[in-house]
Amino acid sequence: MSWTKKVLRINLTEGTCTPEPLNMEWAELYLGQRGLATKYLTEEVPPTTDPLSPENTMYMITGPLTGTMASTAGRYSVVTKSPLTGAVACSNSGGFFGNEMKCAGWDMVILEGKSPTPVYISINDDKAEILPADEIWGKSVWEADEWLHAKHQDPQLRIAAIGVSGEKGVLYSAIINDLHRAAGRSGVGTVMGSKNVKAIALRGSKGVTVNDPKAFFEATTAAKKVLAENAVTGEGLPALGTQVLMNVINEMGAQPTHNYKESVFAGASKISGEAMLEARDSDGKPNLTRNAGCFACTISCGRISTIDPQHFSVQNKEDLHPSYHGNSGGLEYEAAWALGSDTGVDDLDALTYAQFVCNEQGLDPISLGSTIAAAMELFEEGVITTEDTGGIELNFGNAEAMIKCTELVAKGEGFGLELGQGSARFCEKHGRPELSMTVRGQEFPAYDPRSIQGMGLGYATSNRGACHLRGYTVASEVLGIPIKTDPLETEGKAGLQIAFQNATAAFDSAGICIFTSFAWSLEDVAPQLDAACEGEWTVERLSEIGERVWNLERLYNDAAGLGGSADKLPPRMVSEAVTSGPAEGKVNGLDKMLPEYYAERGWSPEGDVTAETKARLGL
Amino acid sequence: MSKKITVKLFASLMKFLPVNSTKSHGFDYKIDETTTVGYLIDDLKLPRNVIHIVLLNGVYLDAETRDETPLNEGDTLGFWPPVAGG
């Protein structure tokens, strides 16, 4: 139990919805969510498949704990072959969509083929239909959400949708569920758009059963106590959310600024979590209204905020959705740094507006902000001009320009379509590929790897392209969780990254949020899974699953031509030293860490998974 | 002439900011040759059980040795409770 053991396979070319049993042999080896869907992908989608062709398949999948009373158990993942990177994509989201899928009786919904016309998927317990979406094609996520709720006359319908950007082929389009939760990275929304699917609307009434209810109650209660008593998950995250990081990362000199040219941003405190609490002049209210939680979450790190009604971003825009004049989701740290310090914009309301646009139109704010920042550097160097930008003066620090670019990408219009291809393609097109801060074509997240060495190794080896959520050694190197290590040292970082990567892959396959790992280890997760699922689920077994998942992703990327040869950082990170702050003079020591990483992984010196390692992990 | 440093308090430690703080989340603090981080923590009545990250000019101070760390003119000293995000 805990898995429903049922999969809904939707063939959009044929127009069929077919139930099939979940492959439990694979579930025993890959658990669920990230791991299990990756196994399906590797078996069904050849690594050389064109990501935007009908031959690519998209897996929306829950974990065994999804929908249960375990804390944060509302998670689902979207796994597919990424159009941004060409590598395996796995984007994880919270909200209430995942648990609704499970309550409808499905572990996974598979979208394959391509519909000849725009459609949405309606799932009400066992009943699944492919229905016309002509009326919402060309509309935003929020407009589609309203239309679907009205059409089905069901306020409890849970909806995941793409915006116009996903329809127009912006390569980092997200799938947004519950209005402002995102399966955000690697362009999973673009794949959904390529299949002519606008939305999935879910309603489930079956509930979720666990194997040993009494043991499960005890295990989840004990684990929730750990979260409540931990200073980060019990106090810090509910109070200030992810944005609490802005000042820490900036003060220690790791804040990506001006397309990673600098690592200290003078305006950081103005766009920080602390600033979101300060009363503004116009109406005396702070930016932050309250925190918000996803299904079953006892942390509640989400932000609900308002834009200053006097701010230029919401003035004289008559067609703006009403949410821009009220409470909506954001601002989160990853949006704040990418759209803020990286573009040099220190205007909190401009950033909040841009994040709202990303939610309304389904965009990854990390890739968006990074691409705008790269374009700004090209503009300031004179490589592109206002003739390229459609008249936008694209200088660092120009909030109006950042917002204009965001709006153009969101609607897939004009210069926005070019920015929508991501910074790697944009910089390549303009003859300066070295200015793209990407690995495997995906934009860096919020931590300068010259100032936090382990993160450089993490970006270089991340299977979905540069990412902080695959091996968050910031926890150790900066925040002292679980133990403090020196961020400027390379020694020991290979082992640290591997430990974080493997554990994260296990968390991501279970149906829970990775933020629990600030307080939980696999020692806290194993008893919950053991009570929920049939069989024996130990820490050792989960550790092995994490390692197996990582290696499976790597093998897929190898076969797609994105293995060891792609384990590289942009030249700026390894040859241009930090110019100020505590890390002044530092570059990333990837050359020292990578050989050690390969050896500890049991890979060849070229970064290939060896036959011995494959045999050990049953791959 | 007295020397001074900038003290910054973040997240839940913001409630310990003096009411007349003018700098961003921080304020000036006068020191002399004998002032250490430990003295400053006690002088400002900062809760030791809440302090987790201490950065002196951006460099992390180890919990075991930070109290004895001397302070110099122009330093910036930042304090945080346990925080995380991502």
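Quick note: numbers below take in every heavy atom, side chains included, and nothing from hydrogens, waters or symmetry partners. Chain A is the first sequence line, chain B the second, and so forth, proteins listed ahead of strands; every chain is numbered from 1.
Nearest heavy-atom pair, B:Ala84 versus A:Val244, reported as atom, atom and distance to 0.1 Å: O-CG1, 3.5 Å. The nearest pair of heavy atoms linking B:Gly58 to A:Pro582 is CA-CG, 3.5 Å. The shortest non-hydrogen separation linking B:Val83 to A:Val248 is CG2-CG2, 4.0 Å. Residues A:Leu237 and B:Gly85 share a closest heavy-atom pair of CD2-CA, 4.1 Å.
In this structure, chain B has a heavy atom under 4.5 Å from the side chain of A:Leu277, while its backbone stays farther away. With a 4.5 Å cut-off on non-hydrogen atoms, A:Val478 touches chain B through its backbone but not through its side chain.
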Enumerate, by atom name, each donor-acceptor pair separated by under 3.5 Å where one atom lies in chain B and the other in chain A.
unit_1, atom_1, unit_2, atom_2, d
B:Lys8, NZ, A:Glu251, OE2, 2.8
B:Ala11, N, A:Glu274, OE2, 3.0
B:Ser24, OG, A:Ser269, OG, 2.6
B:His52, NE2, A:Leu479, O, 2.8
B:Gly85, O, A:Tyr472, OH, 3.4

Inset, instruction - Evaluate side chain to side chain contact (heavy atoms under 4.5 Å, CB included) for B:Ile53 paired with A:Leu479, printing each intermediate quantity in order. - result: CA-CA 7 Å; B:Ile53 299 172; A:Leu479 309 170; 3.9 Å; yes
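Residues from residues 30-43 of chain B never place a non-hydrogen atom less than 4.5 Å from a non-hydrogen atom of chain A.
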